[in-house]
*Asks:* 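First the structure, then my questions, so here it is.
The structure presented is a predicted model; accordingly, all values stated were derived computationally and were not measured. In what follows, every heavy atom counts, from backbone to side chain, and hydrogens, waters and symmetry copies are set aside.
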Amino acid sequence: MPDPVPSPQTPPRGGVPAARQALALLQALARSPGAVPAAALARDLGLPRSTTYHLLAELIDAGFVVHLPEERRYGLGVSAFEIGSAYARQEPLARLARPVLARLVDAVGHSAHLAVLHGREVLYVVEQRAPSRPPLVTDVGVRLPAQLTASGRALLAGLPPAQVRALFPDATAFVDRHDLGPRRLSELRRLLGEVRRAGYADEDGEVTPGFASVAAAVHDHAGRPAAAVAVTFPTEDVDAPGRTEFAQRVARAAGELTRRINGRRPD
């Protein structure tokens, strides 16, 4: 009997070592601030030099890597840029998030959204509005100060302290909307510590008076905060136990989206 042909939807187990090694090379080049010698790539990845040169040659032929002969170094090629551009065009994060947000809205009866960090601001990329609920300031494409929003706080809490300090070097970095929220780095650090201990972030009236939000971070393959899932609701409509339930549901939704993008929670 002939061997069964593997389904394209279920690739055979065990992986392809050469593919893993080629992807590792591309990831190493992507992490580097500049072009890298082949010897350094071989050393850092634990590959034989001959294997490294063979893989680089294939990647050069495909346009994913370029060789800089005068510098004897290698960098990412045009094909790598095209892949990154295609990722942005296809909006996979937003597309994967929409069904998760829809189920979250069905469960809580209030509007939900997905936001990403952009400098000291959060950028809202998906909004799932609950039926009969009013429009919110967190519409798609809107940017808001990260330290005032639940989504921003959930994302900032997952960054290294040095990165948070670089984003908020002095008092001028703290935008004031309604005379609420942290005004200096020490206050923000205390707030982010509370977010890490609780596993979610919240805000009440700091973005829009009369509305509150709870949010939790979505993590990428390296355990870094990639986005935040949040629910926003009128402050008077939800009591303390209800907010706790919302926070738990939001955290579960963020965990589901983390799995959908092949991410993992940080160690």
Side-chain angles (χ1 to χ4, degrees), residues 30-31 33 76 80-81 83-98 100-101 104 111-129 135-178 180-185 187-189 191-192 195-196 200-203 206-208 211-232 250 253-254 257-258 260-263 266:
R31 289 192 299 267
L76 290 176
F81 172 77
I83 290 289
S85 300
Y87 181 94
R89 288 196 305 271
Q90 293 176 10
E91 299 182 314
L93 177 60
R95 293 171 69 178
L96 288 169
R98 287 190 182 99
V100 176
L101 294 182
L104 179 60
S111 299
H113 51 259
L114 184 80
V116 297
L117 195 62
H118 193 274
R120 288 195 293 266
E121 298 177 318
V122 287
L123 171 65
Y124 293 90
V125 294
V126 179
E127 183 187 36
Q128 190 74 30
R129 191 178 301 173
L136 302 170
V137 69
T138 52
D139 200 358
V140 173
V142 168
R143 300 172 189 266
L144 289 173
Q147 87 278 5
L148 296 181
T149 68
S151 295
R153 292 169 179 177
L155 291 164
L156 291 171
L159 298 182
Q163 190 170 347
V164 175
R165 184 172 63 250
L167 289 171
F168 298 91
D170 53 47
T172 64
F174 291 84
V175 176
D176 178 28
R177 281 177 64 89
H178 302 291
L180 295 171
R183 301 288 188 87
R184 53 181 61 89
L185 182 59
E187 295 174 359
L188 179 60
R189 282 174 168 165
L191 179 59
L192 298 182
V195 172
R196 285 189 288 271
Y200 66 90
D202 61 3
E203 63 85 17
E206 293 163 73
V207 174
T208 303
F211 284 83
S213 298
V214 292
V218 177
H219 295 93
D220 65 14
H221 69 284
R224 297 176 298 237
V229 173
V231 166
T232 299
V250 165
L257 186 51
T258 294
R260 285 173 68 88
I261 66 171
N262 295 318

*Asks:* Show the nearest heavy-atom pair for residues Ala154 and Ala217, with the distance to one decimal.
*Replies:* O-CB, 3.7 Å
*Asks:* Which value, rounded to the nearest 0.5 Å, describes the distance between Leu167 atom CG and Arg120 atom CZ?
*Replies:* 7.0 Å
*Asks:* Could you walk me through whether Leu159 and Leu155 pass the side-chain contact (heavy atoms from CB on, under 4.5 Å) test, one step at a time?
*Replies:* CA-CA 7 Å; Leu159 298 182; Leu155 291 164; over 6 Å; no
*Asks:* How long is the straight-line distance from CD of Gln147 back to CZ of Phe174, given to the nearest 0.5 Å?
*Replies:* 6.0 Å
*Asks:* To the nearest 0.5 Å, what is the distance between CG (Leu156) and CZ (Arg189)?
*Replies:* 12.5 Å
*Asks:* Roughly how far, to the nearest 0.5 Å, is the OG1 atom of Thr232 from the CD atom of Glu127?
*Replies:* 8.5 Å
*Asks:* Any donor-acceptor pair under 3.5 Å linking the side chain of Arg129 with the backbone of Ser111?
*Replies:* no
*Asks:* Verify, without hydrogens or angle tests, whether Arg196 (side chain) and Ala157 (backbone) share a donor-acceptor contact under 3.5 angstrom.
*Replies:* yes
*Asks:* To the nearest 0.5 Å, what is the distance between OG on Ser151 and CG on Leu117?
*Replies:* 10.5 Å
*Asks:* Ignoring hydrogens and angles, state whether a donor on the side chain of Arg143 or His118 is under 3.5 Å from an acceptor on the partner side chain.
*Replies:* yes
*Asks:* How far apart are the closest heavy atoms of Thr149 and Val122, and which atoms are they?
*Replies:* OG1-CG2, 3.6 Å
*Asks:* So, His178 side chain and Val207 main chain: donor-acceptor pair closer than 3.5 Å or not?
*Replies:* yes
*Asks:* Assess whether side-chain contact (heavy atoms from CB on, under 4.5 Å) is satisfied between Leu185 and Arg165, documenting all intermediate values.
*Replies:* CA-CA 7 Å; Leu185 182 59; Arg165 184 172 63 250; 3.8 Å; yes
*Asks:* How are the rings of His113 and Tyr124 set to each other: parallel, tilted or perpendicular (split at 30° and 60°)?
*Replies:* perpendicular
*Asks:* Would you say that Leu144 contacts Glu121 through its side chain, given a criterion of any heavy-atom pair below 4.5 Å between the two side chains?
*Replies:* no
*Asks:* Whether Glu206 and Arg153 form a salt bridge (side-chain N of Lys/Arg under 4.0 Å from carboxylate O of Asp/Glu) is what I want to check.
*Replies:* yes
*Asks:* Could you go step by step and tell me if Leu148 and Leu180 meet the side-chain contact (heavy atoms from CB on, under 4.5 Å) rule?
*Replies:* CA-CA 8 Å; Leu148 296 181; Leu180 295 171; 5.8 Å; no
*Asks:* Which heavy atom in Ala112 sits nearest to a heavy atom in Leu101, and how many Å separate them?
*Replies:* CB-CD2, 4.1 Å
*Asks:* Specify the closest pair of heavy atoms between Ala215 and Ala230, including all atoms of both residues, with the distance to one decimal.
*Replies:* CB-CB, 3.6 Å
*Asks:* Pair Leu93, Ile261 - check side-chain contact (heavy atoms from CB on, under 4.5 Å), show working.
*Replies:* CA-CA 7 Å; Leu93 177 60; Ile261 66 171; 4.0 Å; yes
*Asks:* Say whether, by atom type as modelled, one donor and one acceptor occur between the side chain of Ser213 and the main chain of Ala150 under 3.5 angstrom.
*Replies:* no
*Asks:* Nearest heavy-atom pair of Pro169 and Ala166: which atoms, and what distance?
*Replies:* CD-O, 3.6 Å
*Asks:* Hey, does Leu104 have a side-chain heavy atom less than 4.5 Å from the side chain of Val250?
*Replies:* yes
